[in-house]
Asks: 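Structure in structure tokens, see below.
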Amino acid sequence: MDPRFLRTFVTVAELGSFSAAAQALGYTQSGVSQHVAALESALGTALLHRRPVRPTEAGARLLEHAHPILLRLDAARADIERLTADASARLLVGATPLADHGRLAAALERLRRATPRLEITVRVGARPAIAADVATGALDAGLVDGVAAPSDPLRLPEGVRLRATAVAEDRLVVAVPAGHPLAGADAVGLDALGAARWLDAPAVLTPLEELRATTGVEGFDARLRCEGTDLGVVLALAAAGHGLALLPARAVDGVTALAGVPLGRPRLVHRTELVHSGGEAADALGAVL
């Protein structure tokens, strides 16, 4: 199976158009059609309906395999390029919105003092995007966060293989409006809150489906979805009563409109990890952190 043809097929399926895929990939439309036809011939089945353009049953199944395959190929290319590339005075770091930014800022300041000409770029994004960009070489390293059992590693996207080092583990609280009946509670268990209304902000908070899988508790339904990586918006929505949010205690401290109720059960922590694939700059950042 030619990876070029597989990438072309994925692009057509995602864009729903042969012409749009041709423009995105820099091919002619006939070239895109030839790639898809060659892949269908190799597999002995149709992968796309033509009018309208959408995956067949076999095409949908292939898409499930294609994304991690292409990600691993990109990661392998980036890994080899890192081995053969000359060291440069630049560091590209990704960070999730709830990662320990104070610790990251202090580490970057130490690196900047040690290497005055070091050019540093910090990109904020969701954990899957940061991990994928580190794996494919678009970022040198990433500081990612999530909810996990103590000492358990965070989940990374399928097909991503990165070095992960724990940076911090913080206690978790359930953020509620200051006037909420739970605001004065000593602790609360998630098993008692599955039926409550929650905020869905997957680029900032732990995605609700992941929370269900981690805790084994059903529910965690949301009536409001927040897209983007702005933590301030999420805190404002929680304070206005649009839904509960599971957060590290430090994110709620000092927000007068919110109360952070300590999480009693199950035993979970907010975990921050440095993920990278090696390289001089990433190793230096890891050593400082």
Side-chain angles (χ1 to χ4, degrees), residues 1-81 92 94 96-97 123-139 142 144 155-162 199-213 220-230 233 277:
M1 188 184 303
D2 192 315
R4 294 176 304 158
F5 301 165
L6 186 61
R7 196 179 300 276
T8 300
F9 160 71
V10 169
T11 305
V12 174
E14 289 180 342
L15 297 180
S17 165
F18 280 76
S19 59
Q23 185 174 5
L25 295 170
Y27 297 147
T28 63
Q29 186 169 338
S30 62
V32 168
S33 297
Q34 290 170 9
H35 282 193
V36 173
L39 187 60
E40 289 177 325
S41 176
L43 294 175
T45 186
L47 299 173
L48 292 168
H49 296 292
R50 266 42 178 192
R51 294 184 181 179
V53 176
R54 67 184 192 280
T56 63
E57 183 178 357
R61 184 66 59 85
L62 180 59
L63 280 174
E64 296 176 5
H65 296 282
H67 288 99
I69 289 172
L70 293 175
L71 181 58
R72 287 297 297 154
L73 287 172
D74 290 340
R77 182 182 297 107
D79 205 20
I80 299 304
E81 289 174 351
L92 306 176
T96 50
R123 180 189 307 164
V124 179
R127 189 202 316 162
I130 294 296
D133 282 348
V134 174
T136 58
L139 292 170
V144 298
R155 297 183 181 183
L156 296 178
E158 185 180 357
V160 171
R161 301 290 185 271
L162 296 172
L199 276 178
D200 184 19
V204 177
L205 307 173
T206 297
L208 296 180
E209 63 270 17
E210 186 175 321
L211 201 55
R212 295 185 197 102
F220 299 111
D221 295 323
R223 296 182 186 175
L224 188 150
R225 178 180 175 87
C226 179
E227 298 181 352
T229 59
D230 193 324
V233 172
S277 296

Asks: With sequence neighbours excluded, what pairs up with Arg223 under the side chain to side chain contact (heavy atoms under 4.5 Å, CB included) test?
Replies: Arg197

Asks: Would you check if the side chain of Arg212 reaches a backbone N or O of Phe220 as a donor-acceptor pair within less than 3.5 Å?
Replies: yes

Asks: Identify the heavy atoms of Ile130 and Gly94 that sit nearest to each other, and give their distance.
Replies: CD1-CA, 3.7 Å

Asks: Could I get the full list of salt bridge (charged side-chain N to carboxylate O under 4.0 Å, His left out) partners for Arg155, not counting sequence neighbours?
Replies: none

Asks: Kindly write out the residues that satisfy side-chain hydrogen bond (donor to acceptor under 3.5 Å, both in side chains) with Asp221, not counting sequence neighbours, or none if the list is empty.
Replies: none

Asks: Identify, with sequence neighbours excluded, every residue that meets salt bridge (charged side-chain N to carboxylate O under 4.0 Å, His left out) alongside Asp230.
Replies: none

Asks: At their closest point, which heavy atom of Leu62 faces which heavy atom of Phe9, and how far apart are they?
Replies: CD2-CE2, 3.6 Å

Asks: What residues, two or more places apart in sequence or in another chain, satisfy side-chain hydrogen bond (donor to acceptor under 3.5 Å, both in side chains) together with His67?
Replies: Glu14

Asks: If you look at every heavy atom in Leu162 and Ser277, which pair is closest and at what distance?
Replies: CD2-OG, 2.9 Å

Asks: Could you tell me which residues satisfy side-chain hydrogen bond (donor to acceptor under 3.5 Å, both in side chains) with Arg72, sequence neighbours excluded, listed by chain and number?
Replies: none

Asks: Kindly give the heavy-atom pair with the smallest separation between Thr229 and Gly125, and that separation in Å.
Replies: CG2-CA, 4.0 Å

Asks: With side chain to side chain contact (heavy atoms under 4.5 Å, CB included) as the criterion, how do Leu39 and Met1 come out once you've worked through the C-alpha distance, each side chain's angles and the decisive distance to 0.1 Å?
Replies: CA-CA 7 Å; Leu39 187 60; Met1 188 184 303; 3.5 Å; yes

Asks: With sequence neighbours left out, what residues match Ala24 under side chain to side chain contact (heavy atoms under 4.5 Å, CB included)?
Replies: Thr11, Leu15

Asks: Under the rule for side-chain hydrogen bond (donor to acceptor under 3.5 Å, both in side chains), what residues qualify as partners of Thr45, not counting sequence neighbours?
Replies: none

Asks: To check you understand the geometry: which heavy-atom pair defines the closest contact between Val233 and Cys226, and what is its length?
Replies: CG1-SG, 3.9 Å

Asks: Would you please name every residue forming a side chain to side chain contact (heavy atoms under 4.5 Å, CB included) with Pro202, sequence neighbours left out?
Replies: Asp200, Pro207, Arg225

Asks: If you look only at distance, which donor and acceptor atoms sit under 3.5 Å apart when one is on a side chain in residues 29-38 and the other is two or more places apart or in another chain?
Replies:
from: Ser30; atom 1: OG; to: Thr28; atom 2: OG1; distance (Å): 3.1
from: Ser33; atom 1: OG; to: Gln29; atom 2: O; distance (Å): 3.1
from: His35; atom 1: ND1; to: Thr8; atom 2: OG1; distance (Å): 2.9

Asks: Rounded to the nearest 0.5 Å, what separation is found between the CZ atom of Phe5 and the CG atom of Leu47?
Replies: 12.5 Å

Asks: With sequence neighbours left out, write down each residue that passes side chain to side chain contact (heavy atoms under 4.5 Å, CB included) with Ala66, or none if nothing qualifies.
Replies: Leu6, Val10

Asks: Between Ala60 and Pro55, which heavy-atom pair has the shortest distance, and what is it?
Replies: N-CB, 3.7 Å

Asks: So which pairs with a foot in residues 49-63 pass side-chain hydrogen bond (donor to acceptor under 3.5 Å, both in side chains), sequence neighbours left out?
Replies: Glu40-Arg50

Asks: Find the distance between OG1 (Thr136) and CG (Asp74) and round it off to the nearest 0.5 Å.
Replies: 6.0 Å

